[in-house]
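Each remark here refers to the structure printed beneath this line.
Atom set for the values below is all heavy atoms of this structure, side chains included, hydrogens, waters and symmetry mates excluded. On a predicted model such as this, the values are computed, not experimentally measured, just so you know. Chain letters run A, B, ... following the sequence lines, proteins first and then strands; every chain starts at 1.
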Amino acid sequence: MKPGEIPGDLRDTAVPAAFLERQLAIVWRTPRGVLGALATVDHKIIGRRYILTAMLFLALGGVLALLMRLQLAGPENRVIGPDLYDQVFTMHGANMMFLFAVPVMEAVAVYIVPLMIGTRNIAFPRLNAFSYWIYLAGGILLWAAFALDMAPDIGWFAYVPLSGPQYGAGKRADIWAQMITFTELSALAVAVELVVTVLKQRAPGMSLDRIPLFVWSMLVTSFLIILAMPAIMVASSSLILDRLVGTHFFNPAEGGDVLLWQHLFWFFGHPEVYIIFLPAVGMVSTIIITFTRRPIFGYLALVLALLSTGVLAFGLWVHHMFATGLPRLGESFFTASSMSIAIPAGIQIFCWLASLWLGRPVYKTPLLFVLAFLVTFVIGGLTGVMVASVPLDTQVHDTYFVVAHFHYVLIGGAVFPLLGAIHYWYPKIVGRMMSETLGRWSVGLLFVGFNLTFFPMHILGLEGMTRRIYTYQTEMGWGGLNLFVSLSSIVLAAGFGLFFLNAILSLRRGAPAGSNPWDAPTLEWATASPPPNYNFGCIPVVGSGYPLWDNAEVLAVATGLRLDRRELIVSTIAEARPEAREASPRNSIWPLLAALATTLMLISSIFTPWAVVWGAVPVAVALIGWFWPKGTAEDES
Amino acid sequence: MTRRRGGLQGTATSVLLGLCCTACHGWQSVTTPAGPQASRLDGLFWTFTAICAAIWVLVLLVLAGAMMRKRPAGAPFPSERSEKCASVVVGGAVAVSALVIVGLTLFSYLATHGLASGTADPLVIRVRGYQWWWEVTYVDAAADRSFLTANEIHLPVGRPVRIELAAPDVIHSFWAPNLMGKQDLIPGRDNAITFIADRPGVYREQCAEFCGLQHAHMAMLIVAESPTSFAAWRANQLADAVASAGAAQEEGGRVFAAKACASCHTIRGTSASGTLGPDLTHVGSRQTIAAGMLPTTRGSLAAWIADPQTIKPGNNMPMVSLSGSELNAVSAYLAALK
């Protein structure tokens with residue numbers, strides 16, 4: 001009989017390994033050609049696209065940063081005028097937050113989490129495909145607007161009334177608001193997929209206390225996304241309504257409130273920081289475990305720290321508003337809550353230090369990135385304690401001190417671990433190792449360049465340099481330090497350049513990786529590199545938190561899944577006991593069509609509110625096509 | 001024509017350079033306080049910095065120790081004893097950091113309380129932020145003792161000053177770091193800050209909330225002076241504009257009234273009574289024009305009037321077409337409005 005055409009109920013029990021693998025490869029395959037690529041729902045292909053797109057946006061955002069440093073290198077520079085500068089700093093912030101930082105963390109998770117927990121695809125794989133297309137459309141919208149000199153110029157925070165109908169002329173603020181809609185849609189979709197994947201698709205035996213820490217961090221992050229993003233959806237939609245149909249949510253003259261915007265924005269905006277930081281925390285723990293050759297110190301404490309950070313993240317948004325004139329009691333509450341989040345952060349630092357102390361560290365590039373993270377992130381965390389104090393914040397808020405602070409948190413705290421994680425998982429994704437030599441050079445350049453660029457900004461802030469100014473007068477005396485910062489940013493850029501070069505060169509030149517080059521303990525290393533389209537020939541069974549370090553000769557597996565259609569195991573939330581076999585959706589072009597219809601509707605709605613009405617028709621058609629019952633295997637089960 | 005303007009601008013810039021380079025070090029600085037409130041904030045800053053720096057050094061020492069310590073080859077490592085020991089150390093460190101956090105929160109709370117002490121019977125100044133300049137009103141119970149000015153504040157040393165903040169257009173933020181922390185000016189809301197300057201001097205205030213194209217050029221000088229000089233300044237500001245002294249000034253006054261200038265600016269004692277732009281009654285007595293951008297000289301006034309959009313792109317002052325002699329006369333007139 002021919003593979004792929006087997007009728008009936010063929011199971012993966014007691015079939016020869018070669019036949020099993022060939023059969024699975026046919027069932028889970030993505031057809032060659034453009035149509036196959038557009039219709040795929042393979043989490044690895046989509047995850048790879050997501051990572052590449054996000055890294056492209058990182059590079060573009062970096063170019064914007066260099067443009068700003070060029071303009072600020074000397075006093076009263078005229079390289080970039082105020083109009084372009086305002087677009088550039090808005091683009092830099094919006095691009096880095098919405099198109100790079102959040103998506104890249106979710107992107108890595110889309111690729112790695114299903115492998116780490118031993119399943120064959122992410123939950124809701126078609127939604128996953130849809131989320132990528134929507135994210136791509138949002139990114140293209142923002143950058144096309146920039147190319148047309150129509151980019152938002154209101155800051156990534158888009159405070160009203162500056163972004164409102166009276167002061168925000170043209171379509172720039174509308175483009176900002178719709179870009180938010182795109183990226184929120186995709187972020188929410190991935191968050192839902194990850195929650196369901198982690199809670200219901202774990203390999204048999206992977207009870208809650210055996211979940212890898214990166215998976216825990218993505219679970220907490222996904223809940224943060226689900227709870228925080230609706231606030232900014234409300235904000236950006238109200239802004240669009242104010243601008244397009246003349247509502248007055250934010251117009252004080254008509255009973256609206258200017259500060260309402262800030263509350264809604266920061267109720268999202270502060271958890272956003274942890275949405276970026278918590279995945280990085282999971283990456284740090286993962287790398288430390290592998291390269292200290294021991295189980296992590298304080299697993300339970302680290303999980304509790306993740307959870308408490310996730311809860312506290314919603315209680316301190318007002319510390320972005322300390323200069324707006326708050327009641328005294330509110331000030332004290334938000335000072336206390338903002339400072340208290342340093343305690344779970346401290347717990348994590350202490351546990352990592354203990355792991356390094358008690359382990360046998362192997363200083364490969366990923367661990368070097370973690371060391372760079374520890375040194376810089378602690379500075380960012382401590383200046384975070386400083387800005388949590390209301391009186392102190394009134395002096396440094398909206399100055400370069402804060403610019404320095406959050407780059408220490410976001411680059412030191414999230415980008416360094418991310419680059420370490422890319423070094424770490426690159427062999428799994430590509431099948432080849434990245435160069436250690438280039439890796440060490442890039443860590444060194446990034447670490448030195450970063451600190452030389454951002455540390456002096458603390459001093460500039462204390463010397464009175466405010467944020468978002470396109471130039472400054474000679475007599476302010478900020479010229480020298482600014483020139484130094486601008487020159488240092490070249491070193492930082494060189495570090496990033498070397499990293500990208502390494503990633504590109506290693507595609508062909510890297511040494512073949514094998515399935516587990518780092519001798520790591522988690523399940524993604526139990527399959528080939530790169531993994532086959534079905535991830536695992538048989539679903540592994542887990543007996544500890546470090547399955548590949550257990551002394552068994554071979555990994556135990558669960559069998560009984562059908563081989564004639566896409567199937568995976570659904571397990572219980574707490575114990576991960578197998579409950580059912582579940583069909584996993586096949587490839588489909590409808591998610592792409594639905595994304596195109598949604599894009600059409602959202603972009604036209606910038607120009608006329610009627611687009612919401614007429615644009616809903618193609619969206620409805622696409623969704624009907626997407627969910628039309630076709631009598632296929634997954635419908636019947 | 002263009003070349004001449006460029007030349008004027010260049011002169012203005014170099015004059016500015018010469019004027020300020022000696023005087024201005026630390027005139028907009030958190031760490032050079034000139035009053036009790038700013039001193040308290042400065043003290044708080046250094047307290048936090050010292051404690052945070054100590055914590056960072058400790059973390060680095062432990063990290064260095066972890067990296068450099070000797071590990072016995074072969075033997076089971078780490079021993080059960082060192083695992084236990086680490087648990088105690090980590091637990092202790094968490095407890096200590098919780099205490100430090102409580103302590104810093106307390107410091108912060110006490111500092112906030114301290115800022116409000118000794119600020120009874122203040123001088124009240126109303127500041128309104130516009131895109132991109134500051135309107136300043138000295139408020140007095142007697143209406144005829146109140147007056148309006150712009151882009152420069154004078155204060156008597158030693159007396160509390162209450163700045164009442166409002167914004168008619170977008171959000172701005174009032175920040176004079178040598179005197180006090182910042183406070184936002186928010187449409188639809190009233191804010192205020194109170195502080196004391198106890199050291200005479202010239203300090204700089206700058207808008208700290210992004211407010212559009214010329215956010216970078218929305219500043220003003222704050223002159224803290226002895227009560228007697230302040231009284232003299234105040235008396236002068238209360239008076240109407242001085243009468244024109246020479247022929248050029250008289251001609252300038254006529255041009256100002258006849259051209260578009262008067263529809264946006266007020267000069268008390270003349271027919272000019274526009275309210276869209278800054279009050280110019282005593283513009284010649286102020287140290288800077290265009291919200292802290294240029295020193296008040298005839299040259300810089302002429303450069304500014306000739307081409308405000310090149311000097312401060314996007315600001316709301318249009319280019320009013322004037323002949324060379326008209327420009328000369330108007331700048332002479334304005335410079336003489338002491």
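Counting heavy-atom pairs under 4.5 Å between each of V375(A), V396(A), V390(A), T471(A) and chain B puts V375(A) at the top. Top candidate by heavy-atom pairs under 4.5 Å with chain A, chosen from M67(B), R40(B), Q37(B), is M67(B). Each of I101(B), L115(B), L60(B) has some count of heavy-atom pairs under 4.5 Å with chain A, and the biggest count is that of I101(B). Taking S87(B), A192(B), S97(B), A111(B) one by one and counting their heavy-atom pairs under 4.5 Å with chain A, the maximum is reached by S87(B). Interface check for chain B: of the options P252(A), A253(A), A323(A), P82(A), the most heavy-atom pairs under 4.5 Å are formed by A323(A). With chain A as partner, the option from L63(B), T31(B), V62(B) having the largest number of non-hydrogen pairs under 4.5 angstrom is L63(B). Interface remark: of the candidates L259(A), I154(A), V385(A), L259(A) forms the most heavy-atom pairs closer than 4.5 Å to chain B. For chain A, the option among M218(B), Q206(B), E83(B) with the highest count of heavy-atom pairs below 4.5 Å is E83(B). Highest contact tally toward chain A, considering only A53(B), S108(B), G188(B), is held by S108(B) [criterion: heavy-atom pairs under 4.5 Å].
Using a 4.5 Å cut-off between heavy atoms, T399(A) contacts chain B through its side chain alone, with no backbone atom that close. Only the side chain of L374(A) comes within contact range of chain B, judged by heavy atoms closer than 4.5 Å. Contacts between A354(A) and chain B at a heavy-atom distance below 4.5 Å involve the side chain alone, from C-beta outward. There is no contact between Q87(A) and chain B, counting heavy-atom distances below 4.5 Å. Residue contact with chain A, scored on non-hydrogen atoms closer than 4.5 Å, involves the backbone of M180(B) exclusively. Interface remark: R467(A) contributes backbone atoms only to the contact with chain B (heavy atom separation under 4.5 Å). With a 4.5 angstrom heavy-atom cutoff, V258(A) touches chain B only via side-chain atoms. Looking at Y472(A), there are no atoms closer than 4.5 Å to chain B (heavy atoms on both sides), in backbone or side chain. Residue contact with chain B, scored on non-hydrogen atoms closer than 4.5 Å, involves the backbone and the side chain of L462(A) alike. With a 4.5 Å cut-off on non-hydrogen atoms, R189(B) touches chain A through its side chain but not through its backbone. Proximity to chain B (any heavy atom under 4.5 Å) is shown, for P161(A), by both the backbone and the side chain. In this structure, chain A has a heavy atom under 4.5 Å from the side chain of I186(B), while its backbone stays farther away. Heavy atoms of E209(B) lying under 4.5 Å from chain A belong to its backbone as well as its side chain. The contact between F45(B) and chain A is made by backbone and side chain atoms together, counting heavy-atom distances below 4.5 Å. E331(A) touches chain B through its side chain: at least one heavy atom from C-beta onward sits under 4.5 Å away, while N, CA, C and O do not. For D169(B), the parts lying near chain A are the backbone and the side chain together; criterion is any non-hydrogen pair under 4.5 Å. At a 4.5 Å heavy-atom cutoff, N251(A) makes no contact with chain B through either its backbone or its side chain.
Counting only N and O atoms by type, the side chains of Y470(A) and N77(A) include no donor and acceptor under 3.5 Å apart. In this structure, a donor-acceptor pair under 3.5 Å is present between the side chains of W175(B) and Q395(A). Checked by atom type, the side-chain pair S173(B)/D184(B) shows a donor-acceptor distance below 3.5 Å.
Under the 30°/60° scheme for interplanar angles, the aromatic rings of F373(A) and F377(A) are found to lie parallel. Relative orientation of the W156(A) and F265(A) rings is perpendicular, given thresholds of 30° and 60° on the angle between their planes. The aromatic rings of W261(A) and F250(A) sit perpendicular to each other, their planes meeting at more than 60°, with 30° as the lower class boundary.
H92(A) and Y85(A) have their aromatic ring centers separated by at least 6.0 angstrom. For an aromatic pair to be called close, the ring centres must be under 6.0 Å apart, and H405(A) with F401(A) fails this.
A salt bridge links E164(B) to R162(B): at least one charged side-chain nitrogen sits closer than 4.0 Å to a carboxylate oxygen. Salt bridge annotation for D86(A)-R172(A): absent, with no cationic side-chain nitrogen under 4.0 angstrom from a carboxylate oxygen.
Under the 4.5 Å side-chain criterion, counting only non-hydrogen atoms from C-beta, M465(A) is in contact with N482(A).
Heavy-atom neighbours of Y167(A) OH from other residues, nucleotides or ligands within 6.0 Å: above the threshold of 12. Atom CG of L99(B) sits in a crowded spot, with more than 12 heavy atoms from other residues, nucleotides or ligands closer than 6.0 Å.
For the residue pair A167(B) and H172(B), the shortest heavy atom distance occurs at CB-CD2, 4.2 Å.
A distance-only check finds no donor-acceptor pair linking the side chain of W478(A) to the backbone of L460(A) [under 3.5 Å].
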